[in-house]
Structures are given as structure tokens and as C-alpha cells.
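In what follows, a single structure is set out as C-alpha cells and then discussed.
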Amino acid sequence: MRAPSLLPPRGGGLSSEGVRDWSPAFERPLGRSFYARPTARVARDLLGCRLVLRPSRGSEGWRAGRIVETEAYVADDPANHASRGRTERNRSMFLGPGHVYVYRIHQVHCANLTTARGQAVLLRAVEPLTPLLAGPRGPGLLCRAFGLDRAHDGLDAVVGELRVLPRDGPPVEVARAPRVGIRLAADRPLRFFDGRSEWVSKRPARPRRKVPG
DNA sequence: ATCGTGATTCCCT
DNA sequence: GGGAATCACGATA
């Protein structure tokens, strides 16, 4: 059996040594049509898929993780950054399906993949498939682990340096729950996670909002 | 529960 | 332009 912490040996790049030359570059990423579907469906189907970041200036090797937790931000959704239309910050949410939207909040960055215009899926946690700089449990830590920041905002996730490869590895036990850390529309069950994963972020179920009495 | 921390938006001028 | 309110976080207790 393959060690869970290694990238799966698929596709080309086979050397006489074996599979060590495997690279995500040899695999076909999820195409535009994957993202051009209802956002909650995309959020669910991203579970088990592999998020991969191509090495760029200075960094060596690909970084990859198996997606285990996502949230959908949909139409008529006051928690959605685009709920009040297009702004300078959220402009990459309007580039069409399959683009990267990275924003900064407090001291951290959070990464999304866009679906329909003005809708996106927040990537909350992955299981490391390569050595990462931080435990990617939670959207801010995920970005830190991959080195994602506003420089990655607006990239095309179908052909760019950040991509998603099809589901692979152990089966996903899909679970749904309310989204984390939001005030508005806090009851909608638009958070999806793999109930079997150790890497799902945990936070208080019901933080904010004063209750009278 | 609260705190540190800064970008962004909105509602004014 | 300015200033207040807001915020899809993470670390702490």
C-alpha cells in the first residue's frame, strides 16, 4: 500500500528508478465544466480532489494536499463577499468558473475557487500530500502552508499554477454542516467535509450574535 | 470568550 | 479625501 503522505504515482514521468519522476504536471486538472455547476455541488465534489501548486521562483517542488473541507458561497447569500456586487477586492469572483479568489482578512489569506459569477468555494482544509510549511487545517493556515497570497488572486485554476486534480485515494465520507466563522446566514448547511479526515478544522459551532434575555 | 491585527467598504464630506 | 464599522481567522484561556 502506498504511503498516505506521498503523491500518488500516476501519469507519465516514469524513470528507470520507478515512479519518483511523477509530477502533477503530467495529470489533467479539473476542467472548466467542473466549476460551471451549482456552487454547493462543486464544493461537495471538491472533497477528495488534490489541490496542487506549481513551483515558482525560488520554491522547489510541487505542493499538494487532498481537499477535506470546503464552504459554498452562493447567490442570495449575505455572507458572500459578492452579495452586494462587484468591488475592487472581489473582482476575481467575476472572472467566470475556475478562477482563484484570494483575499486577506485580519492577518491571514483565504483562498477560493470560483463557480458562477459572484459565487465561490472557500478552501478550508487539506490533508498534506507533500511536505508543507504549516498544518493546513483552516483556510488561513492552508494559504500559509501553500504560500498563497494576493499575488495568486485571479489566476486561472484550469491552466495556472494552482490547480485541482481529480479525486483520488481513499473514499470520501461526505458530511454537511453550517459554515464557520460567519455572522450572516449562519444556519445554512453549506460547509462540506470528509467525516473521516483528521484534518478538518474545528471551531465553536455557534460563536457570535448576542441573544436577548 | 477575547484579543491582536489590518484591509476593505460605506457613508459621508 | 476621512473615519467608523465590518470581517469567510488563529491563538489563547
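Below, read A as the first sequence line, B as the second, and so on, with proteins coming before strands; counting in each chain starts at 1.
When distances run from any side-chain atom of Val108(A) to the nucleotides dG6(B), dA8(C), dC9(C), the shortest one goes to dC9(C).
Using a 4.0 Å cut-off, no side-chain N or O of Arg104(A) falls inside it from OP1 or OP2 of dC9(C).
At a cut-off of 3.5 angstrom, the base of dA7(B) holds no donor-acceptor pair with the side chain of Tyr103(A).
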Please write out the pairs of protein N or O atoms and N or O atoms of nucleotides 9-13 of chain B separated by less than 3.5 Å, giving the distance to one decimal.
| residue | atom | partner | partner atom | Å |
| --- | --- | --- | --- | --- |
| dT9(B) | OP1 | Thr87(A) | OG1 | 2.4 |
| dT9(B) | OP1 | Arg89(A) | N | 3.4 |

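Side chains of Ser201(A) and Arg124(A): a donor-acceptor N/O pair is present below 3.5 angstrom, by distance only. Side-chain atoms of Asp153(A) and Ser92(A) include a donor-acceptor pair closer than 3.5 Å.
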Once pairs are restricted to Watson-Crick or G-U wobble with both distances under 3.5 Å, how does DNA chain B read as a dot-bracket string, [ ] for crossings and | for other-strand pairs? ||||.|||||||.
What do the steps show when you test Glu27(A) against Arg50(A) for salt bridge (Lys or Arg N to Asp or Glu O under 4.0 Å), and what is the final call? CA-CA 11 Å; Glu27(A) 277 198 63; Arg50(A) 291 158 293 157; 3.0 Å; yes
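We find that CD1 of Ile105(A) is positioned 17 Å from P of dA5(C), with the value rounded to whole Å. Between the NE2 atom of His106(A) and the C1' atom of dC3(B) there is a distance of 10 Å, given to the nearest Å. One interatomic measurement links the two molecules: NE2 of His81(A) to P of dA8(C), which rounds to 5 Å at whole-angstrom precision.
The pair Asp194(A)-Arg66(A) meets the salt-bridge criterion, with a side-chain N (NZ, NE, NH1 or NH2) lying under 4.0 Å from an Asp/Glu carboxylate O.
With a 6.0 Å cutoff to the six-membered ring centre and a 45° limit on the axis angle, Arg37(A) does not count as a cation-pi contact of Tyr35(A).
Of the residues in residues 137-157 of chain A, those placing a heavy atom less than 4.0 Å from an atom of DNA chain B are Arg150(A), in numerical order.
You'll find the ring centres of His109(A) and Tyr103(A) outside the 6.0 Å limit.
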